[in-house]
Number of protein chains: 4
Amino acid sequence: MYLRIEKGSAVPISRQIADQVATLCASGSIKPGDRLPSVRELARELAVNQNTVLRVYERLCGEGLLEMRHGQGTFVTGRMSKARMAAHRTRLVDELRQIVRQATGLGLSPEELHELLGEAMNGEVTAARAAD
Amino acid sequence: MYLRIEKGSAVPISRQIADQVATLCASGSIKPGDRLPSVRELARELAVNQNTVLRVYERLCGEGLLEMRHGQGTFVTGRMSKARMAAHRTRLVDELRQIVRQATGLGLSPEELHELLGEAMNGEVTAARAAD
Amino acid sequence: MYLRIEKGSAVPISRQIADQVATLCASGSIKPGDRLPSVRELARELAVNQNTVLRVYERLCGEGLLEMRHGQGTFVTGRMSKARMAAHRTRLVDELRQIVRQATGLGLSPEELHELLGEAMNGEVTAARAAD
Amino acid sequence: MYLRIEKGSAVPISRQIADQVATLCASGSIKPGDRLPSVRELARELAVNQNTVLRVYERLCGEGLLEMRHGQGTFVTGRMSKARMAAHRTRLVDELRQIVRQATGLGLSPEELHELLGEAMNGEVTAARAAD
DNA sequence: GTGGTCTAGACCACT
DNA sequence: GTGGTCTAGACCACG
């Protein structure tokens, strides 16, 4: 499972992790029954406190997406509901809008933004490949 | 001065305000000597608590971007340093990357993303016109 | 860390706290790397609102004197600059002058003032000892 | 009437003015029946907003120390009560203590403080003479 | 436990 | 009208 968090971001770390795990579930990259990395494993990998990871897992359990089995690990149990996915998507669009607003304010031209977008997508692909 | 904040966002309100004011300074939309809306005024306009706006202004004063004059108002004093602008820009790119990563995970195609980007920019243009 | 604030004073509480912390940094009583009492702790100790202490710490962070580490505490990072110390000192002298002016106006003789000064310093010594 | 205010002080301007006027009354430098400078006159002299002076005069009227006669000016009506003088004096001592505490923290020796005190008093005398 | 954000509201000080 | 201080309390995020 490949996650990437930006520590200095305005978006809280726990939120970044939760969103990305949820996205992986939604996209089918991880499926019901799959085992997630252990709390301490993920914490180490992301260089984040274990409690932070733990709380993300707990939250996602509360939402029915994951299940923590004592002594065995944490597993995917469900897919994201359509409603949740739609909400997630709406939020992303809002955030995109915010960023674009500021980027244009800082003088980035539409072309540059589209380029960046392309890079970001390629970077994503590359990263995904690297994780294979 | 046109600001737009998303109240439900993971990004704290105060951060959104601060970033946008900083961006307006950087872009030259507001220039040294210009008077910002008063704390109360902006708070009312954004439907946010006065203290929230006050703390944003104070923080930006601490960074040398604004100056608060007792009984007179809050004024722009400096432009953003190049270093700060670069940092700001880097952060935006990082966040863009994050969003793109999640958006592609949620099944948005590159075409859809470029479309969204276009919309976001048009929205921006419209908003700017509305502020005229 | 020993602080003493006068609640009824014309000098705002937050200013008193900030000045005293800055002085402790300047005098070397607290050194870079040292951990300050937590916001809540100091607030309780001084019988002051947490937000008041928080804002003081934030301000001093903005000046580069302190650093707040999420979940860990607040730490001293720098010494006061010479310029800041000089300014601080000048201000103290000015305020001393103001007080003396009024004291003499109220009929305190020079001798009485020198006595008071002695007492104040002894009180200080005692307090310092009490803090050991 | 000679007043001296420090604009950068932590003590509010209005408080400085009020205290000094009160002190002048207490010391007998200005006596019942004496006319104070007009609001605008004093405001100009101190380079302060007229409203600030006005509110000081009003406050001192409320305390029975002054009386504002429409179209004629502001006059001293009473002396300060003993209780008020005692309170004033206590406060001064407290503030002295605060300043001494910080001054010693900044490395001023007792000798230096006594010297400063001497200077402050001489400065005061000189100033008073200059005002003659 | 730590810091951080936000609200609501009172009261003060300066123009 | 403006900014500035302080309080009380809720809730979030990080270690």
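A note on names: the letters A, B, ... follow the listed sequences, proteins ahead of strands, and every chain is numbered from 1.
In this structure, the CG atom of N51(B) is 13 Å from the C1' atom of dG9(F), given to the nearest Å. For the pair E58(C) CD and dT2(E) P, the computed distance is 16 Å after rounding to whole Å. Taking atom OH of residue Y57(C) and atom C1' of nucleotide dT5(E), one finds them 19 Å apart after rounding to whole Å. With rounding to whole Å, I13(D) atom CD1 is found 17 Å from dG3(F) atom P. With rounding to whole Å, L54(C) atom CG is found 13 Å from dC6(F) atom C1'. In this structure, D19(C) atom CG and dT5(F) atom P are separated by 12 Å, rounded to whole Å. Look at CD on E6(B): it is 18 Å from C1' on dC6(E), rounded to the nearest Å. Atom NZ of K7(A) is separated from atom P of dC14(F) by 10 Å (rounded to the nearest Å).
To the nearest 0.5 Å, atoms OG (S38(C)) and CG (L54(C)) are separated by 11.0 Å. The OG1 atom of T74(C) sits 12.5 Å away from the CG atom of D34(C) when rounded to the nearest 0.5 Å.
Nearest-nucleotide mapping onto DNA chain F: of Q50(B) and V48(A), the residue sitting toward the 5' end is Q50(B). Comparing H70(C) and V11(B) against DNA chain E, the residue whose closest nucleotide sits nearer the 5' end is H70(C). Both R55(C) and M68(B) lie near DNA chain F, and the one whose nearest nucleotide falls closer to the 5' end is M68(B).
Considering only side-chain N and O atoms, T52(B) lies under 4.0 angstrom from the phosphate OP1 or OP2 of dT7(E). Under 4.0 angstrom from either OP1 or OP2 of dC12(E) there lies no side-chain N or O belonging to S14(D).
There is no side-chain donor-acceptor pair under 3.5 Å between E6(D) and Q16(D).
One finds no salt bridge joining E95(A) and R97(A) here, because no Lys/Arg side-chain nitrogen approaches an Asp/Glu carboxylate oxygen to under 4.0 Å.
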Going through the distances and angles, do R79(B) and M85(B) end up as a side chain to side chain contact (heavy atoms under 4.5 Å, CB included)?
CA-CA 10 Å; R79(B) 295 199 155 279; M85(B) 268 191 70; over 6 Å; no
What does the 5'-to-3' dot-bracket notation of DNA chain F look like when only Watson-Crick and G-U wobble pairs under 3.5 Å count, and pairs to other strands show as |?
||||||||||||||.
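Side-chain N/O atoms of R40(C) and base N/O atoms of dG3(E) include a donor-acceptor pair closer than 3.5 Å.
Distance from the side chain of N49(C) is smallest for dA8(F) among the nucleotides dG4(E), dA8(F), dA8(E). The side chain of R59(B) approaches dT5(E) more closely than any other nucleotide in the set dT5(E), dA13(E), dG3(E).
Exactly one residue among R91(C), R89(C), R4(C), R84(C) makes a salt bridge (Lys or Arg N to Asp or Glu O under 4.0 Å) with D19(C). That residue is R91(C).
Counting non-hydrogen atoms of neighbouring residues, nucleotides and ligands closer than 6.0 angstrom, the CZ atom of R35(C) exceeds 12 such neighbours.
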